Student: 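Below you'll find the structure I mean.
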Amino acid sequence: MRIGELAGRAGTSTRTLRYYEEHGLVRAERSANGYRDYDEAELRVVHEIRTLLAVGFGLDDIRPFVACLRAGNSSGDVCPDSVAVLRRKIAEVDAYVDRLSAVRRQLHTQLTLAIANREETCCTTPKPVR
């Protein structure tokens, strides 16, 4: 299939496909006139790439998943290298969650103190004399 058809079927742009190709994630054969010709399997590869990008993976992280699909596996996440990337990403997400939880606790503490101080200040301030 040509690049426009692949882009339409994958829900992306031809520019994006060329970008993936530049990074070695998508493969195209070249016809005699220089047009890109994509195998049907590339549609699956593009879907895998887009799914992984949507959850925060970088292009380098995606390579093992693409290689796994190209090796004939039914899914890009069944190979050892893909599993290793998944484990690393889970550890990264867990670290982010821990940091965000600490920030949340700090903000709650700060809010509680601010409310308490405001109530003390509001309640103890004398009213102006007229």
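Just so it is clear, the values below take in all heavy atoms, side chains as well, and ignore hydrogens, waters and symmetry mates. Numbers for residues simply follow the sequence, beginning at 1. Since the structure is predicted, the reported quantities are computational estimates derived from the model, not experimental observations.
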Student: Transitively linked via ILVMFWY side-chain contacts under 4.5 Å: Ile90 with Leu53?
Tutor: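 No, Ile90 does not connect to Leu53 through the hydrophobic network.
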
Student: With side chains defined as the heavy atoms from C-beta onward, is the minimum distance between Cys68 and Val78 less than 4.5 Å?
Tutor: yes

Student: Just how far is it from atom OG of Ser31 to atom CZ of Arg2, taken to the nearest 0.5 Å?
Tutor: 6.0 Å

Student: Which atom pairs, donor and acceptor, lie under 3.5 Å between side-chain atoms of residues 96-113 and protein residues at least two apart or in another chain?
Tutor:
unit_1	atom_1	unit_2	atom_2	d
Ser101	OG	Val97	O	2.9
Thr109	OG1	Arg105	O	3.0
Thr112	OG1	His108	O	2.8

Student: Are Asp61 and Leu52 packed together at the side-chain level, in the sense that at least one heavy-atom pair is separated by less than 4.5 angstrom?
Tutor: no

Student: Which heavy-atom pair separates Leu69 from Gly76 by the least distance, and what is that distance?
Tutor: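 Shortest heavy-atom contact: CD2-N, 3.6 Å.
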
Student: What pairs of donor and acceptor atoms, side-chain ones from residues 6-29 against any protein atom, are under 3.5 angstrom apart with sequence neighbours left out?
Tutor:
unit_1	atom_1	unit_2	atom_2	d
Arg9	NH1	Glu40	OE1	3.2
Arg9	NH1	Glu40	OE2	3.4
Arg9	NH2	Glu40	OE2	2.5
Thr12	OG1	Arg50	NH1	3.3
Ser13	OG	Thr16	N	3.0
Ser13	OG	Thr16	OG1	2.8
Glu21	OE1	Arg36	NE	2.7
Glu21	OE1	Tyr38	OH	3.1
His23	ND1	Tyr19	O	3.0

Student: Test Arg70 against Glu42 for side-chain contact (heavy atoms from CB on, under 4.5 Å), laying out the working first.
Tutor: CA-CA 9 Å; Arg70 291 200 192 290; Glu42 294 306 299; 2.6 Å; yes

Student: Would you give the length of the straight line joining atom CG of Asp77 to atom OG1 of Thr51, rounded to the nearest 0.5 angstrom?
Tutor: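 The OG1 atom of Thr51 is 10.5 Å from CG of Asp77, to the nearest 0.5 Å.
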
Student: Decide yes or no for Val85 and Phe57: does some side-chain heavy atom of the first lie under 4.5 Å from some side-chain heavy atom of the second?
Tutor: yes

Student: Side chain of Asn73, backbone of Ser75: donor and acceptor closer than 3.5 Å?
Tutor: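 Here the side-chain-to-backbone pair does not exist.
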
Student: Nearest 0.5 angstrom please: Ser82 OG to Arg63 CZ, how far?
Tutor: 13.0 Å

